[in-house]
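Remember, it's a predicted structure, so these values are computed and weren't measured experimentally.
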Amino acid sequence: MTALDANADGTPQPEAQAEEVVVAEVAVTGPLAGNPAILGLPTFIAGSVALGLGLAGVVPAGVLGAPLAIILAATALGLLLAAIWAAAVGQSAVAAVFGIFGTFWLSYGVLVLGLDHNWFAITVTAILATVKLFLLTWLIVIVMLTLATLRLPVAFTAVFVLVDLALLLLYIAFANASPLGVPSSGLLKTAGYVVLVFAAIGVYLFFDAASVATGGKALPLGKPLLHG
C-alpha cells in the first residue's frame, strides 16, 4: 500500500514519492526448519559403504543380502524421509535427488530379497537377465539425473557421475558373466571401489551441511558445470 506526502495545509506534494513496500520473507520455523541433507547424506553414505565393502570382497562373493539391513532400514528409509522433508520446505530439486536415490536403494533390496525367495517367479535361467535389466534401467535414470542437475555444485555432479560409473561396471560384469552365470569378480570389485569413492565425496558433502547447520562456514563445493 502506498501514500503521498502532504504539505502542512494537507495538500499533496507534486513531487511526492510513493512509499517503498518491503516484504519480509517469513523464515521456516519448527521441525521443518533446516537442511534435509543433514539426514539424507549420512543415510546415503551408510548404504554406499555397506554395498561398496560387500562388492569389494569384505563378505564372500555372491552374498548379496549382507548389506540389506542397512540399505533397507537406514538408507532407503532415511532418503525417503529426507525427500519428504525437502519437498515440505520447497526444495524440489533436493527432494527429487533424495527420492530417486531412496527408491533406487529400496528397489535394490526388493530385487535381492525377491530373487533369494523367488517372490517374482523368475526362473534360474532368467536371473542374470533380470539383474541386467535392473542395472540398465537405473543407469539410464541416474544418467538422466546427472544431466538434469548440472547446475548444482560440481561436488554433487561428481557423486552422480561415479554412481553412473559404478552401475556401468556392474552391468558389464553381469553382461560378461561366465556360462554358469558368475559375473566378473574383477569388475565387481572395481565397482565396489567406485562406490566407496562416491561415499567419501558424500562424507565431504555431509561435513558441509553439518558445518552450516552448527553455525560454521560452508565448505567449497565447486562451481556448477552449467550456468544460467
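F98 has its side chain out of reach of F44: every pair of non-hydrogen atoms, C-beta onward, lies at least 4.5 Å apart. Counting only heavy atoms from C-beta outward, the side chains of F206 and S211 never approach each other to under 4.5 Å. Between T130 and L111 there is a side-chain heavy-atom pair separated by less than 4.5 Å. Counting only heavy atoms from C-beta outward, the side chains of F160 and F101 approach each other to under 4.5 Å. Considering only heavy atoms from C-beta on, L187 stays 4.5 Å or farther from Y171 through its side chain. A 4.5 Å side-chain heavy-atom check between Y108 and I71 finds at least one atom pair inside the cut-off. By the 4.5 Å heavy-atom criterion applied to side chains, L51 and I70 are not counted as neighbours. For the pair L169/L165, a side-chain contact is recorded, criterion being any heavy-atom separation below 4.5 Å from C-beta on.
Note that CZ of F174 is 6.5 Å distant from CG of L135, once rounded to the nearest 0.5 Å. Here CG of L219 is found 5.0 Å from CG of D208. Values are rounded to the nearest 0.5 Å. With values rounded to the nearest 0.5 angstrom, L139 atom CG is found 11.5 Å from M144 atom CE. In this structure, T157 OG1 and L221 CG are separated by 10.5 Å, a value rounded to the nearest 0.5 Å. Considering CG of L41 and OG of S48, their distance stands at 10.0 Å, rounded to 0.5 Å. Taking CG from L80 and CH2 from W105, the interatomic distance works out to 13.0 Å, rounded to the nearest 0.5 Å.
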Checklist entry - Yes or no on side-chain contact (heavy atoms from CB on, under 4.5 Å) for V110 and F120, after CA distance, side-chain angles and deciding distance? => result CA-CA 10 Å; V110 172; F120 310 122; 3.7 Å; yes
Checklist entry - Is there a side-chain contact (heavy atoms from CB on, under 4.5 Å) between V163 and V194 once you walk through the steps? => result CA-CA 8 Å; V163 173; V194 173; over 6 Å; no
Item to check | Candidate pair D164 and T146, rule side-chain hydrogen bond (donor to acceptor under 3.5 Å, both in side chains), full reasoning | outcome: CA-CA 8 Å; D164 296 334; T146 304; 2.9 Å; yes
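Of all non-hydrogen atoms in A76 and L106, the two that sit nearest each other are CB-N, 3.8 Å. The heavy-atom pair separating V94 from A86 by the smallest distance is CG1-CB, 3.9 Å. Of all the heavy atoms in A166 and F198, the pair that sits closest is CB-CE2, 4.1 Å. Contact detail for S107 and F134: the closest heavy-atom pair is OG-CE1, 3.4 Å. Closest approach of L72 and G109 over heavy atoms only: CD2-CA, 3.9 Å. Scanning all heavy atoms of the two residues, the minimum distance from G99 to A83 falls at N-CB, 3.6 Å.
The main-chain N or O of A209 is never found under 3.5 Å from a side-chain atom of N35 such that the two would form a donor-acceptor pair. Using a distance-only test at 3.5 Å, with no hydrogens or angles considered, a donor-acceptor pair links the side chain of T75 to the main chain of G47.
Note on L152 and V212: separate hydrophobic clusters, where clusters join Ile, Leu, Val, Met, Phe, Trp and Tyr whose side-chain heavy atoms are under 4.5 Å apart, directly or indirectly. Criterion: ILVMFWY side-chain heavy atoms under 4.5 Å apart, direct or through other members. Under it, L68 and I45 are part of a common hydrophobic cluster. Hydrophobic clustering, with ILVMFWY side chains joined whenever heavy atoms are under 4.5 angstrom apart, keeps V182 apart from I122. Put simply, I172 and V195 are part of the same group of oily side chains (I, L, V, M, F, W, Y) that touch within less than 4.5 Å, one to the next. Two different hydrophobic clusters hold L133 and L115 under the rule that ILVMFWY side chains link at heavy-atom gaps under 4.5 Å.
The environment of NZ in K132 is crowded: more than 12 heavy-atom neighbours from other residues, nucleotides or ligands sit within 6.0 Å. Under a cut-off of 6.0 angstrom, the local environment of CZ in F207 is sparse, with at most 12 non-hydrogen atoms contributed by other residues, nucleotides or ligands.
For the side-chain contact (heavy atoms from CB on, under 4.5 Å) with I142, the lone residue among L168, V161, L147, L167 that qualifies is L167.
Ring geometry, W138 versus F104: the interplanar angle exceeds 60°, so the pair is classed perpendicular (tilted spans 30 to 60°).
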